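This is a predicted model, so every value here is computed, not measured. Side-chain atoms are counted along with the backbone in the values below, which use heavy atoms only and exclude waters and symmetry mates.
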2 protein chains.
Amino acid sequence: MSGERTARHDYADEIGAYFEGFGLPRIPGRILGWLLVCEPPHQSPEQLAEELGVSRGSVSMAMRMLQRNNAVERVTVPGSRRTHWRLRPGFWLDEAAEKAKQAREWIKQAERGLDVLADAPPESRRRLEEAKEMYTFLAEQYEHIETLWYEQRKK
Amino acid sequence: MSGERTARHDYADEIGAYFEGFGLPRIPGRILGWLLVCEPPHQSPEQLAEELGVSRGSVSMAMRMLQRNNAVERVTVPGSRRTHWRLRPGFWLDEAAEKAKQAREWIKQAERGLDVLADAPPESRRRLEEAKEMYTFLAEQYEHIETLWYEQRKK
DNA sequence: CCGTGATTTCAATATTTATTGAAAATTCTG
DNA sequence: CAGAATTTTCAATAAATATTGAAATCACGG
């Protein structure tokens with residue numbers, strides 16, 4: 001960590017703290033925050049380790065996690081043989097699709113519950129029927145959001 | 001843990017495992033799962049501790065968490081002086097409102113980032129402008145979902 | 001295909017978080 | 001309001017997870 005500490009570094013730390021609040025590891029959050037404000041908008045693993053004061057190993061782990069979530073993508077920089085990473089444009093919209101996926105998982109969980117309660121009285125089954133009904137509705141709504149964005153975009 | 005182990009207990013454990021997959025504590029998940037399939041649909045803390053084989057302290061902690069998330073509510077049972085808990089009907093729909101809240105938080109984070117980049121070139125600011133734009137859209141969509149449900153319901 | 005620099009892996013460790021259980025507090029009812 | 005039953009609190013412990021850093025692997029340019 002050689003360069004001076006700036007408001008950008010603070011910003012990265014705050015996004016890291018925000019991540020922690022959701023039970024997610026702090027370092028990927030700090031990297032995401034840094035990639036939102038760094039200059040240039042793409043960075044090498046070594047730059048990230050240096051600027052954020054974390055080990056290269058941690059950066060490697062974090063990049064893998066961020067990549068799995070489609071938050072970042074590799075970018076080639078002319079004149080450098082190093083990997084560079086930047087935020088994946090459009091990433092933020094993915095969360096709607098992710099929610100749709102989770103809703104569909106809950107529909108399955110509800111259905112499995114209804115199997116368990118196959119012989120139970122209707123008033124016992126109602127809890128799970130309600131859950132299934134609501135998640136079916138939610139899945140539809142979440143699935144629709146991305147499409148809507150691009151339609152609204154065209155104007 | 002005296003009564004025999006049934007498919008309902010397995011179901012509770014599976015919901016607990018599902019919770020764990022999201023980095024959430026397992027016991028609240030198991031309780032949620034149990035409350036989806038137990039008979040009757042409301043249970044005392046002691047029943048929960050007994051059926052799931054966890055300490056009363058853990059049940060107390062878990063109920064507090066579930067209550068904070070509006071997942072459960074107290075219910076009075078005639079002839080028993082004990083507290084009883086059941087799933088809060090309609091709970092599943094809340095997640096849309098929760099997502100709306102998170103989206104609004106991200107809008108603020110993006111705005112703070114734009115302050116940090118006040119003097120940065122437009123191409124640097126673009127990342128955050130995109131994030132703000134998308135979360136503004138997402139917040140609107142999420143906010144609309146609950147309303148839609150009740151409209152669609154009336155038919 | 002060798003050498004060098006960049007990246008990843010993974011065992012060890014530090015840190016955080018979940019869970020227990022006994023003691024304290026609370027809440028009913030008689 | 002006393003006494004008993006129920007619930008909550010919280011310090012101790014167990015369990016899980018994040019982070020490091022040195023060694024291994026990889027990938028590129030000569």
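- Residue pairs satisfying the salt bridge (charged side-chain N to carboxylate O under 4.0 Å, His left out) criterion with at least one member in residues 113-126 of chain B, sequence neighbours excluded, are listed as follows: B/Arg125-B/Glu129.
- The nearest whole Å value for the distance from the CZ atom in A/Arg56 to the C1' atom in D/dA22 is 12 Å.
- Annotation: ring pair (Phe, Tyr, Trp, His ring centres under 6.0 Å) contacts involving residues 55-79 of chain A, sequence neighbours excluded, are absent.
- For the helix from C/dC1-D/dG30 to C/dG30-D/dC1, the end axes, each set by the C1' atoms of five terminal pairs, are bent relative to each other by 40° (nearest 10°).
- For residues 83-94 of chain A, the side chain to side chain donor-acceptor pair (under 3.5 Å) pairs, not counting sequence neighbours, are A/Glu73-A/Arg86, A/Arg88-A/Asp94.
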Mind listing the side-chain donor-acceptor pairs of residues 6-13 of chain A below 3.5 Å, one per line with the distance, residues two or more places apart or on another chain?
residue	atom	partner	partner atom	Å
A/Thr6	OG1	A/Arg8	N	3.1
A/Thr6	OG1	A/His9	ND1	2.9
A/Arg8	NH1	A/Val37	O	2.8
A/Arg8	NH1	A/Glu39	OE1	3.2
A/His9	ND1	A/Thr6	N	2.9
A/His9	NE2	A/Glu51	OE1	2.8
A/Asp10	OD1	A/Arg5	NE	3.3
A/Asp10	OD1	A/Arg5	NH2	3.0
A/Tyr11	OH	B/Gln109	O	2.7
A/Asp13	OD1	A/Arg30	NE	2.8
A/Asp13	OD1	A/Arg30	NH2	3.2
A/Asp13	OD2	A/Arg5	NH2	2.6

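- If you take CD of B/Glu50 and P of D/dT7, they are 14 Å apart, rounded to a whole angstrom.
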Tabulate below the donor-acceptor pairs under 3.5 Å that side-chain atoms of residues 138-148 of chain B make, not counting sequence neighbours, or state none.
residue	atom	partner	partner atom	Å
B/Tyr142	OH	A/Glu95	OE2	2.9
B/Glu143	OE2	B/Arg104	NH1	2.3

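- Applying the side-chain hydrogen bond (donor to acceptor under 3.5 Å, both in side chains) rule to A/Trp34 yields the partners A/Gln43; only residues at least two apart in sequence or on another chain are considered.
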Considering only distance and modelled atom types, tabulate donor-acceptor pairs under 3.5 Å from the side chains of residues 56-72 of chain A, sequence neighbours left out.
residue	atom	partner	partner atom	Å
A/Arg56	NH2	A/Glu46	OE2	3.2
A/Ser58	OG	A/Ser55	OG	3.1
A/Asn69	ND2	A/Met65	O	2.9

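- Contacts between residues 20-27 of chain B and DNA chain C, counted as heavy-atom distances below 4.0 Å, involve B/Pro25, B/Arg26, B/Ile27.
- Looking at residues 57-82 of chain A, you'll see A/Gly57, A/Ser60, A/Met61, A/Arg64, A/Arg74, A/Arg82 sit with a heavy atom under 4.0 Å from some atom of DNA chain C.
- Of all nucleotides in DNA chain C, those with any atom nearer than 4.0 Å to a heavy atom of chain B start and finish, going 5' to 3', at C/dA18 to C/dT29.
- The stretch residues 37-48 of chain A does not touch DNA chain D, since none of its heavy atoms comes less than 4.0 Å from the strand.
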